[in-house]
Amino acid sequence: QVELVESGGGLVQAGDSLRLSCAASGRTVRWVNMGWFRQAPGKEREFVAAITWRSDSTNYADSVKGRATISRDNAKNEMYLQMNSLKPEDTAVYYCAAGSTSIVAKAYDYWGQGTQVTVSS
């Protein structure tokens, strides 16, 4: 069993930056692909970014490409999402997920509880 806990969300202004963290406990995620999703009110959960367990491949949604960087530290069992030039449309609950690099949410086996990111204009 893997437990995932996100942190780093908050209220920021448009143009600001945030670094989200995902801490894994229980079983190690050292050899597990992982990703970030987000869900805005009234919308479906959508893919943001994913990273392989070796960090040799990453994938980003078009909506964040060029503004987001996904990374991980397997020694710490942690994953990160650096978001720059934040826009009001980035406002959502951000979820950490483990088990895949797919853009499809149901491909992932484990999920965190989410961290709220609110971007004011």
I'd like a table of donor-acceptor pairs (distance under 3.5 Å, sequence neighbours excluded) in which one partner is a side-chain atom from residues 9-26, with atom names and distances.
{"unit_1": "D16", "atom_1": "OD2", "unit_2": "Q13", "atom_2": "N", "d": "3.1"}
{"unit_1": "S17", "atom_1": "OG", "unit_2": "N84", "atom_2": "OD1", "d": "3.0"}

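With hydrogens and angles disregarded, a donor-acceptor distance shorter than 3.5 Å links the side chain of T91 to the backbone of V119. A donor-acceptor contact shorter than 3.5 Å is absent between the side chain of N59 and the backbone of T101. Between the side chain of T69 and the backbone N or O of Q82, no donor-acceptor pair lies under 3.5 Å. Between the side chain of E6 and the backbone N or O of G114 there is at least one donor-acceptor pair closer than 3.5 Å. At least one donor-acceptor pair closer than 3.5 Å links the side chain of R72 to the backbone N or O of V29.
Heavy atoms only, all atoms of each residue included: T52 and N33 are closest at CA-OD1, 3.1 Å. Between S100 and A107, the shortest heavy-atom distance links the atoms CB-O, 3.6 Å. The minimum heavy-atom distance between L81 and A49, with the atom names listed, is CD1-CB, 4.2 Å.
In this structure, V32 is a member of the same hydrophobic cluster as V2, with clusters built from ILVMFWY side-chain heavy atoms closer than 4.5 Å. Grouping the Ile, Leu, Val, Met, Phe, Trp and Tyr side chains by contacts below 4.5 angstrom, directly or via other members, places Y108 apart from L4.
D90 and K87 are not joined by a salt bridge, as no carboxylate oxygen comes within less than 4.0 angstrom of a charged side-chain nitrogen.
Partners of Y95 according to the ring-ring contact (aromatic ring centres under 6.0 Å, His included) rule, which considers only residues two or more places apart in sequence or in another chain, do not exist here. Y110 is linked by a ring-ring contact (aromatic ring centres under 6.0 Å, His included) to nothing, counting only residues two or more places apart in sequence or in another chain.
At a cut-off of 3.5 Å, with distance as the only test, a side-chain donor of E78 or Y80 sits close to an acceptor on the other residue.
With a 4.5 Å cut-off on side-chain heavy atoms, E46 and R38 count as touching. You'll find the side chain of M79 reaches within 4.5 Å of the side chain of I51, heavy atoms only. Annotation: side chain of Q113 is not in contact with side chain of V93 (no heavy-atom distance under 4.5 Å).
Interatomic distance, Q1 CD to E3 CD, rounded to the nearest 0.5 Å: 7.0 Å. Put simply, CH2 on W36 and CD1 on I70 are 8.0 Å apart, with the number rounded to the nearest 0.5 Å. Taking CZ of F37 as the reference point, atom OH of Y94 lies at 13.0 Å (rounded to 0.5 Å). If you take OG1 on T28 and CZ on R30, they are separated by 5.5 Å, rounding to the nearest 0.5 Å.
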TODO: Show your reasoning for whether side-chain hydrogen bond (donor to acceptor under 3.5 Å, both in side chains) applies to T118 and Q116.
DONE: CA-CA 6 Å; T118 303; Q116 176 71 47; 3.3 Å; yes
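Judged by the 6.0 Å distance and 45° axis criteria, R45 is positioned over the aromatic ring of W111.
For K65, the NZ atom is densely surrounded, since the number of other residues' heavy atoms within 6.0 Å is greater than 12.
Annotation: Y60 is not in aromatic contact with F47 [ring centroid separation under 6.0 Å not met].
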